[in-house]
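What follows is a single structure, written as structure tokens, with notes after it.
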Number of protein chains: 2
Amino acid sequence: MSTAAPPTRGRPGGSRGTDLLAAARDVFLAHQYAGATMDAVAARARISKQTLYRQYPSKDELYAAVVRDWVDRGRDAMSPHLQKLTVTTDIRNGLLELARTLHAGVLSDPVLRMRTLITAEAERFPDVAADYVRRSWDRNQTLLADALEHLSERRLLRIESSQMAAEQFTWLALAAPLNRLTLTAGAARYTPDELETLVQEAVTTFLGRYEMP
Amino acid sequence: MSTAAPPTRGRPGGSRGTDLLAAARDVFLAHQYAGATMDAVAARARISKQTLYRQYPSKDELYAAVVRDWVDRGRDAMSPHLQKLTVTTDIRNGLLELARTLHAGVLSDPVLRMRTLITAEAERFPDVAADYVRRSWDRNQTLLADALEHLSERRLLRIESSQMAAEQFTWLALAAPLNRLTLTAGAARYTPDELETLVQEAVTTFLGRYEMP
DNA sequence: CCTACCGATCGGTAGG
DNA sequence: CCTACCGATCGGTAGG
């Protein structure tokens with residue numbers, strides 16, 4: 001039957017939909033907005049520029065779609081880890097694990113590049129930036145606050161403002177390497193030992209304030 | 001004497017030296033690297049492109065000079081405030097003051113723009129970025145660590161690693177608004193009340209760990 | 001679908 | 001000093 005052609009034969013290997021966005025994302029992350037040419041996107045997606053422009057009528061709209069797709073795909077990355085934290089019996093170990101998860105999630109090359117891209121284009125694309133902050137950053141902060149709230153109800157922590165506690169935890173664990181790697185485009189790598197020391201110290205300071213006496 | 005011509009008459013008002021760098025800085029901060037044209041720099045400095053290119057043979061070298069000049073000019077901005085902290089008798093108030101100073105210094109529009117510019121160009125100009133981090137950021141962190149060390153010797157704090165304590169203080173006070181303002185290009189402004197709450201909470205958590213019992 | 005092209009921008013130079 | 005220009009790049013289009 002002609003409708004049962006082998007998958008490797010069907011249409012001539014052009015990317016579309018998610019694949020096109022993945023190709024575009026690669027190009028934007030590798031070269032930033034200005035350096036990402038529509039020719040490069042089309043070539044990487046193995047489609048013609050004509051086809052590219054039929055799906056996204058301008059570079060601006062392609063960029064907005066790439067960021068939206070990125071946020072959608074990373075929406076619930078933290079949830080399972082926070083779920084695990086809420087049922088822990090060892091509060092210190094639970095927080096240490098979470099801090100290491102934060103490092104792995106945020107200090108990776110693609111995440112740092114996406115943050116730099118969004119930051120550099122925030123003035124020209126304020127809505128794209130605001131959507132990223134709200135649906136990615138704020139959402140994860142709220143989920144962490146909920147988890148801390150839960151631990152507070154279980155009498156493992158003593159927290160007045162769970163939002164403030166969530167921010168303090170996040171930044172104690174994350175801010176130093178995030179600042180450094182961001183400013184140097186990843187050139188100033190942290191060693192695993194340095195990160196582990198940072199995690200330990202962050203949790204110690206956090207528990208100094210919020211541990212149940 | 002011809003050498004005593006009035007200052008308003010001498011040469012036809014063109015900028016050079018520091019003035020040229022100030023003009024270039026304005027243009028780079030307003031439009032980022034790609035959007036800053038050499039024509040705009042020359043126009044703002046009121047010199048010809050020919051004169052501009054005689055002083056800086058390429059846009060790349062002009063950019064590097066602008067960042068170097070920026071670091072030089074901001075080199076000792078923190079020193080007087082840290083000096084004040086080391087002789088305080090009220091440790092909590094001293095730290096609150098310092099946190100407010102950090103906010104004023106780092107969360108200003110030009111500083112945020114310079115950080116975004118350096119970040120966006122860090123891959124193409126790794127040496128410029130590394131020099132900024134070392135001479136601006138690392139230096140201030142070390143100065144703060146020295147001040148905390150001093151307070152530790154005065155038995156107002158109990159600190160094991162003054163570098164770690166300095167980083168924790170900095171990021172407890174600064175990271176949340178810095179992250180937000182950076183990602184949104186300053187669109188998500190913090191109210192003075194929010195900043196003051198943040199400062200209070202940062203100092204409370206910091207003292208929870210490092211206050212002398 | 002594909003290629004060739006337009007129109008605009010901009011770093012850098014002095015050809016014309 | 002200044003203006004006009006070159007050469008290259010690139011978003012977007014179908015003119016030619």
Side-chain angles (χ1 to χ4, degrees), chain A residues 5 8-17 19-21 23-68 117-118 120-121 123-125 127-128, chain B residues 2 5 7-17 19-21 23-68 117-118 120-121 123-125 127-128:
Chain A
T8 50
R9 283 195 146 267
R11 65 178 61 248
S15 309
R16 52 175 48 215
D19 286 347
L20 201 174
L21 287 178
R25 182 172 63 239
D26 289 346
V27 177
F28 276 117
L29 291 187
H31 302 110
Q32 299 235 60
Y33 187 91
T37 70
M38 295 297 270
D39 284 285
V41 171
R44 182 163 190 98
R46 288 184 304 163
I47 58 177
S48 68
K49 271 174 78 175
Q50 194 175 72
T51 305
L52 171 55
Y53 274 97
R54 206 184 311 125
Q55 303 204 42
Y56 298 96
S58 70
K59 189 178 178 181
D60 289 12
E61 299 204 33
L62 178 60
Y63 169 71
V66 162
V67 177
R68 253 186 282 115
L117 175 63
I118 292 169
E121 301 305 323
E123 200 151 24
R124 259 163 28 91
F125 299 97
D127 296 346
V128 172
Chain B
S2 63
T8 49
R9 282 196 147 267
R11 62 179 61 251
S15 308
R16 51 175 46 215
D19 287 347
L20 202 173
L21 287 178
R25 182 173 64 239
D26 288 346
V27 176
F28 276 117
L29 291 187
H31 303 109
Q32 299 235 57
Y33 187 91
T37 70
M38 295 298 268
D39 284 284
V41 171
R44 183 165 190 96
R46 288 183 303 162
I47 58 177
S48 69
K49 270 174 80 175
Q50 195 176 70
T51 304
L52 171 56
Y53 273 97
R54 205 184 311 126
Q55 302 204 42
Y56 297 97
S58 71
K59 187 178 178 179
D60 288 12
E61 300 204 33
L62 178 61
Y63 168 72
V66 162
V67 177
R68 254 186 282 114
L117 175 63
I118 292 169
E121 301 304 323
E123 201 150 24
R124 260 162 27 92
F125 299 95
D127 296 345
V128 171

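In what follows, every chain begins at residue 1, and chains take the letters A, B, ... in the order their sequences are listed. Keep in mind it's a predicted model, so treat the numbers as computed, not measured.
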Tabulate atom names and distances for all N/O pairs under 3.5 angstrom spanning the protein and nucleotides 12-15 of chain C.
{"from": "C/dG12", "atom 1": "OP2", "to": "B/Tyr53", "atom 2": "OH", "distance (Å)": "3.0"}
{"from": "C/dG12", "atom 1": "OP2", "to": "B/Lys59", "atom 2": "N", "distance (Å)": "2.8"}
{"from": "C/dG12", "atom 1": "N7", "to": "B/Lys49", "atom 2": "NZ", "distance (Å)": "2.8"}
{"from": "C/dG12", "atom 1": "O6", "to": "B/Lys49", "atom 2": "NZ", "distance (Å)": "2.8"}

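For the pair A/His31 NE2 and D/dT9 P, the interatomic distance rounds to 14 Å; values are reported in whole Å. Counting to the nearest Å, the C1' atom of C/dG11 and the OH atom of B/Tyr33 are 9 Å from each other. D/dC10 atom P lies 15 Å from atom CG of A/Leu52, rounded to whole Å.
Residues satisfying the ring-ring contact (aromatic ring centres under 6.0 Å, His included) criterion with A/Phe125, sequence neighbours excluded, are A/Tyr33, A/Tyr63. The side chain to side chain donor-acceptor pair (under 3.5 Å) check on A/Thr37 picks up nothing, with sequence neighbours excluded. Scored by the side chain to side chain donor-acceptor pair (under 3.5 Å) test, B/Arg124 finds B/Glu121 as partners (sequence neighbours excluded). Looking at residues two or more places apart in sequence or on another chain, you find no side chain to side chain donor-acceptor pair (under 3.5 Å) involving A/Ser58.
Contacts of B/Ala42 with the nucleic acid, taken as non-hydrogen atoms under 4.0 Å apart, are absent. B/Ala40 comes within 4.0 angstrom of no nucleic acid atom, judged by non-hydrogen atoms across all strands.
Atom CZ in A/Arg44 sits 4.0 Å away from atom CG in A/Asp26 (nearest 0.5 Å). One finds the OG1 atom of B/Thr51 at 13.0 Å from the CZ atom of B/Arg46 (value rounded to the nearest 0.5 Å).
Between A/Gly35 and B/Ser48, the residue whose closest nucleotide on DNA chain D is further toward the 5' end is B/Ser48.
B/Lys49 places no side-chain N or O within donor-acceptor distance of the main-chain N or O of B/Ala43, the cut-off being under 3.5 Å.
Checking the phosphate oxygens (OP1, OP2) of C/dC10, no side-chain nitrogen or oxygen of B/Thr37 falls inside 4.0 Å.
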**Message:** Counting Watson-Crick and G-U wobble pairs with both distances under 3.5 Å, what is the dot-bracket string for DNA chain C, 5' to 3', using [ ] for crossing pairs and | for pairs to another strand?
**Reply:** ..||||||||||||..
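Residues A/Leu62 and A/Leu21 are in side-chain contact: their nearest non-hydrogen atoms beyond the backbone lie under 4.5 Å apart.
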